[in-house]
Amino acid sequence: MQKRILIVEDEAPIRDMVAFALRKADMQARHAADAREALRAIAEAPPDLILLDWMLPGLSGLDLARRLHADTGTAAIPIIMLTARGEEIDRVNGLEAGVDDYVVKPFSTRELVARIRAVLRRAQGDDGTGPVELGGLRLDAPAQRVSAGGQPVALGPKEYRLLHFFMTHPERVYSRAQLLDHVWGGGVYVEERTVDVHIRRLRGALEPFALHALIQTVRGAGYRFSTAP
Ligand code: CA
């Protein structure tokens with residue numbers, strides 16, 4: 001079934017560009033120009049996910065997110081916030097308001113679609129417990145099994161966790177420090193070079209399937225899982 005996405009954004013060119021990309025990705029797109037229109041649209045037909053611009057006339061995107069989060073009828077609808085650079089400081093507030101992810105403007109629609117899919121997957125599978133299929137890989141979280149074209153991929157526990165994180169957070173660059181936080185867990189002292197070692201092993205495990213290029217090095221920034229070369 002097609003996923004229904006509500007775009008709440010007052011800038012028509014962005015709204016239209018996003019709606020076009022979503023329809024091309026086989027999703028249904030509706031839009032609202034402010035919080036009031038959004039509330040009306042949600043009451044009419046609850047969406048599967050809301051793309052919410054931070055800066056809206058009237059009630060801000062963050063206030064709208066808070067309001068939706070506080071209402072049991074809408075609390076479960078995942079929200080991806082669209083922010084401009086510099087608004088990132090309010091991440092903490094956004095987390096409290098139940099925001100699931102952020103996309104910083106300007107963004108590519110390919111990245112946005114990938115992030116929407118990842119958030120929808122997490123929302124459905126209750127934190128990625130269902131199998132994830134991406135880029136020719138299939139990762140079955142309950143069984144901790146990874147396969148490529150039906151063939152099992154042999155991974156160590158750290159490489160498995162790294163790949164699981166990447167496949168549930170695709171098309172996005174993570175620094176070594178962020179990967180340590182997410183995959184190794186906070187509070188553990190590990191050198192950042194450790195990440196490189198495990199990335200190398202992960203690529204080595206994917207190489208027999210010619211899928212090692214999914215793990216991309218972004219010079220000066222970190223690593224990214226991407227299905228685009
Ligand atoms: Ca705006």
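As the structure lists them, so they are numbered: ligands from 1, and atoms in each ligand from 1.
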key: Residues Arg4, Asp48: salt bridge by 4.0 Å N-O rule   = yes
ask   = Do NZ/NE/NH1/NH2 and the carboxylate oxygens of Asp63 and Arg66 come within less than 4.0 Å?
value = yes
note = On a heavy-atom basis, the closest approach of Glu37 and His31 is OE1-O, 4.4 Å
ask   = For atom CZ of Arg67, is the number of surrounding heavy atoms from other residues, nucleotides or ligands below 6.0 Å larger than 12?
value = no
ask   = Under a 4.0 Å N-O cut-off, is there an ion pair linking Arg176 with Glu191?
value = no
note = The complete set of salt bridge (charged side-chain N to carboxylate O under 4.0 Å, His left out) pairs with one or both residues in residues 21-35, sequence neighbours excluded, reads Arg30-Glu44
task = Could you pull out the N/O/S protein atoms under 3.0 Å of the Ca ion (ligand 1), ignoring any water?
result = Asp10 OD1, Asp53 OD2, Met55 O
